[in-house]
Amino acid sequence: MSTAKKLQIKRLKGRTSIDRLFDDGQIAQTKTLVLKFVKNPLSDSYFSGVSVPKKCFKKAVDRNRIKRQLRVAIREQKKSSLFSGSGMLLFKGEKVPDTELLKEQIQILFESVTNK
């Protein structure tokens, strides 16, 4: 548990790391969120990415707002619920969500992943 307090949240970058995440990753999901993740116990960071489909939200303003809400919700998670590795949050809802609802769903996702 002492390593969980030192865990940093970093941005998921690079084609190879994102491809590996989608090829080899596991899935956890709620009603409006999907989390593709790969655990890496040797890492001391959580690499995070967010995505909102253009198919559901035509306006870039709406997509950017949801991405910003997702990033804030991840940043405000308890450090004990985060895991070392990488994860990509995909939003699959039909309308712009409330930030508090996203925080609750992200908490549920991260707790289910850490308990696996």
Side-chain angles (χ1 to χ4, degrees):
M1 287 304 252
S2 63
T3 59
K5 295 182 181 184
K6 297 179 184 177
L7 201 65
Q8 296 177 351
I9 300 173
K10 296 183 180 178
R11 181 173 274 183
L12 179 65
K13 298 186 279 187
R15 183 180 179 113
T16 56
S17 60
I18 294 173
D19 286 344
R20 189 189 66 165
L21 178 69
F22 279 96
D23 291 341
D24 303 332
Q26 299 174 350
I27 295 177
Q29 58 186 350
T30 62
K31 187 174 180 181
T32 59
L33 291 174
V34 175
L35 177 65
K36 293 279 285 186
F37 66 94
V38 173
K39 288 186 176 182
N40 184 3
L42 303 177
S43 175
D44 62 344
S45 300
Y46 171 69
F47 294 94
S48 174
V50 295
S51 178
V52 180
K54 192 173 184 179
K55 183 178 180 180
C56 297
F57 297 96
K58 299 295 182 190
K59 294 182 180 179
V61 173
D62 294 335
R63 291 193 305 273
N64 291 339
R65 178 175 183 199
I66 295 170
K67 288 180 196 177
R68 190 168 52 250
Q69 287 175 322
L70 288 170
R71 287 186 196 111
V72 167
I74 290 171
R75 224 177 297 126
E76 292 180 358
Q77 288 301 310
K78 298 177 196 169
K79 296 292 183 181
S80 62
S81 66
L82 292 176
F83 58 93
S84 60
S86 58
M88 174 76 82
L89 264 175
L90 308 165
F91 184 78
K92 63 177 184 176
E94 297 294 324
K95 59 182 181 177
V96 179
D98 182 38
T99 306
E100 294 302 319
L101 177 68
L102 284 177
K103 288 179 185 177
E104 292 172 10
Q105 289 186 358
I106 290 174
Q107 180 69 32
I108 291 168
L109 281 176
F110 282 122
E111 285 178 358
S112 69
V113 170
T114 54
N115 293 336
K116 285 186 179 180

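Residue indices begin at 1 and follow the sequence shown. These values consider heavy atoms only, across backbone and side chains, with no hydrogens, waters or symmetry-generated copies.
- When hydrophobic clusters are built by joining Ile, Leu, Val, Met, Phe, Trp and Tyr residues whose side-chain heavy atoms come closer than 4.5 Å, directly or via intermediates, Ile74 is grouped together with Phe91.
- Rounded to the nearest 0.5 angstrom, Gln69 CD and Ile106 CD1 are separated by 9.5 Å.
- With hydrogens and angles ignored, the 3.5 Å screen pairs no side-chain donor or acceptor of Arg63 with any backbone N or O of Val52.
- Atom CD of Gln29 is separated from atom NZ of Lys36 by 10.5 Å, given to the nearest 0.5 angstrom.
- A distance of 10.5 Å separates CD1 of Ile18 from NZ of Lys13, quoted to the nearest 0.5 Å.
- Within the 4.5 Å cutoff, side-chain heavy atoms of Ser84 are placed close to those of Leu7.
- In the hydrophobic cluster analysis, where Ile, Leu, Val, Met, Phe, Trp and Tyr join through side-chain heavy atoms closer than 4.5 angstrom, Phe37 is grouped together with Ile9.
- In this structure the side chain of Ser86 reaches within 4.5 angstrom of the side chain of Arg20, judged on heavy atoms.
- Linking Ile, Leu, Val, Met, Phe, Trp and Tyr residues whenever their side-chain heavy atoms come within less than 4.5 Å places Leu12 and Phe22 in a single cluster.
- Both Leu70 and Leu109 sit in one connected hydrophobic cluster of ILVMFWY residues. Membership requires side-chain heavy atoms under 4.5 Å apart, directly or through other members.
- When the side chain to side chain donor-acceptor pair (under 3.5 Å) test is applied to Ser51, no partner is found at least two apart in sequence or on another chain.
- Between the Lys39 side chain and the Val113 main chain, a donor and an acceptor come within less than 3.5 Å of each other.
- Using a 4.5 Å heavy-atom threshold, the side chains of Leu33 and Ile108 count as separate.
- Proximity of a side-chain donor or acceptor of Ser43 to a complementary backbone N or O of Gly85 within less than 3.5 Å is not detected.
- In this pair, Phe110 and Tyr46 present their aromatic rings perpendicular. The plane angle is above 60°, beyond the 30 to 60° band.
- Residues Leu35 and Thr30 form no side-chain contact, since every pair of their non-hydrogen atoms from C-beta on lies 4.5 Å or further apart.
- Between the side chain of Ser45 and the backbone N or O of Phe47, no donor-acceptor pair lies under 3.5 Å.
- Distance check: Cys56 SG to Asp62 CG gives 11.5 Å after rounding to the nearest 0.5 Å.
- Put simply, Val38 and Phe83 are part of two different groups of oily side chains (I, L, V, M, F, W, Y) that touch within less than 4.5 Å, one to the next.
- One finds a salt bridge joining Arg15 and Asp19 here, because a Lys/Arg side-chain nitrogen approaches an Asp/Glu carboxylate oxygen to under 4.0 Å.
- A heavy-atom distance below 4.5 Å is not found between the side chains of Val50 and Ile66.
- Residues Arg65 and Lys59 are not in side-chain contact: their nearest non-hydrogen atoms beyond the backbone lie 4.5 Å or more apart.
- A distance of 9.0 Å separates OG of Ser48 from CZ of Arg11, quoted to the nearest 0.5 Å.
- Between the CG atom in Leu90 and the OG1 atom in Thr32 there is a gap of 11.5 Å [rounded to 0.5 Å].
- Shown here are the side chain to side chain donor-acceptor pair (under 3.5 Å) partners of Glu111, two or more places apart in sequence or in another chain: Gln107.
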